[in-house]
Amino acid sequence: MASSDPTSPSPAARPLSPHLGIYRFTLTMAMSIAHRITGAGLYLGALLLAWFLLATSMDAAAFAYFSGFIQSIFGRLILFGFTWALFQHLLGGVRHLIMDAGYGMDDPEREQLAQATLIGGLVLTLVVWALAFAVG
């Protein structure tokens, strides 16, 4: 039986749960999504690492095939993407750890952490690749 109290809200007036239409897309949200995507990408990178290990344990032809692939433009793009995913996911995990500890939740710090994650992932990737080209 329904309440006859005129101050009680009707079922249609109850607030709905939040949905994507009311959220403003922010860098913090993008970095959280990137953390999940790079985590999935690291699984593919693990397959690349397994292929490398198998190729090194087999004969010279298997290693030459892997080496030819990884030294191609496509292979280097995949390796560059894997390097970026590794650093982006690492820094995203640190950002989540800081926020889980209760820090960086306020407005300027939250945005600064997201920016640091984005910039740090790119800078670390470029540093590693610059060092690799300088040494090799």
Side chain T125, main chain G121, donor-acceptor under 3.5 Å: yes

Atom pair CG (L49) and CZ (F52), whose distance is rounded to the nearest 0.5 Å: 7.5 Å

Same cluster (ILVMFWY, side-chain, under 4.5 Å), L79 and L126: yes

L113/Y103 under side-chain contact (heavy atoms from CB on, under 4.5 Å): CA gap, chis, key distance, verdict: CA-CA 10 Å; L113 280 173; Y103 301 104; over 6 Å; no

Short side-chain to backbone donor-acceptor contact, R110 and G104, under 3.5 Å: no

Atom of A55, atom of A62 and distance for their closest heavy-atom approach: CB-O, 3.7 Å

Residues I70, L48; criterion side-chain contact (heavy atoms from CB on, under 4.5 Å); working and verdict: CA-CA 9 Å; I70 210 66; L48 187 67; 4.1 Å; yes

Flag, side chain of T38 to backbone of A34, donor-acceptor distance under 3.5 Å: yes

Atom CZ of F25: over 12 foreign heavy atoms under 6.0 Å: yes

From R36 atom CZ to H89 atom NE2, the distance as rounded to the nearest 0.5 Å: 10.0 Å

Steps toward side-chain contact (heavy atoms from CB on, under 4.5 Å) verdict (W84, V128): CA-CA 10 Å; W84 173 78; V128 164; over 6 Å; no

F66 and L53, any side-chain heavy atoms less than 4.5 Å apart: no

M58 atom CE, neighbour heavy-atom count above 12 within 6.0 Å: no

I78-Y65 co-clustered via ILVMFWY side chain contacts under 4.5 Å: yes

Single-linkage hydrophobic cluster, 4.5 Å side-chain cutoff, L118 and M99 together: no

From T117 atom OG1 to L90 atom CG, the distance as rounded to the nearest 0.5 Å: 9.5 Å

Nearest-0.5 Å distance, CG of residue L47 to CG of residue L54: 10.5 Å

Atom CD1 of I73 with >12 non-hydrogen neighbours under 6.0 angstrom: no

Aromatic plane relationship, W51 with F69 - under 30° parallel, 30 to 60° tilted, over 60° perpendicular: tilted

Min side-chain heavy-atom separation L91-L124 under 4.5 Å: yes

Heavy-atom side-chain proximity of T28 to R95 below 4.5 angstrom: yes

Shared hydrophobic cluster, I119 / M31 (ILVMFWY, side-chain heavy atoms < 4.5 Å): no

Taking every non-hydrogen atom, the tightest pair across R76 and Q71: NE-O, 3.4 Å

Nearest-0.5 Å distance, CD of residue Q88 to CG of residue L122: 7.0 Å

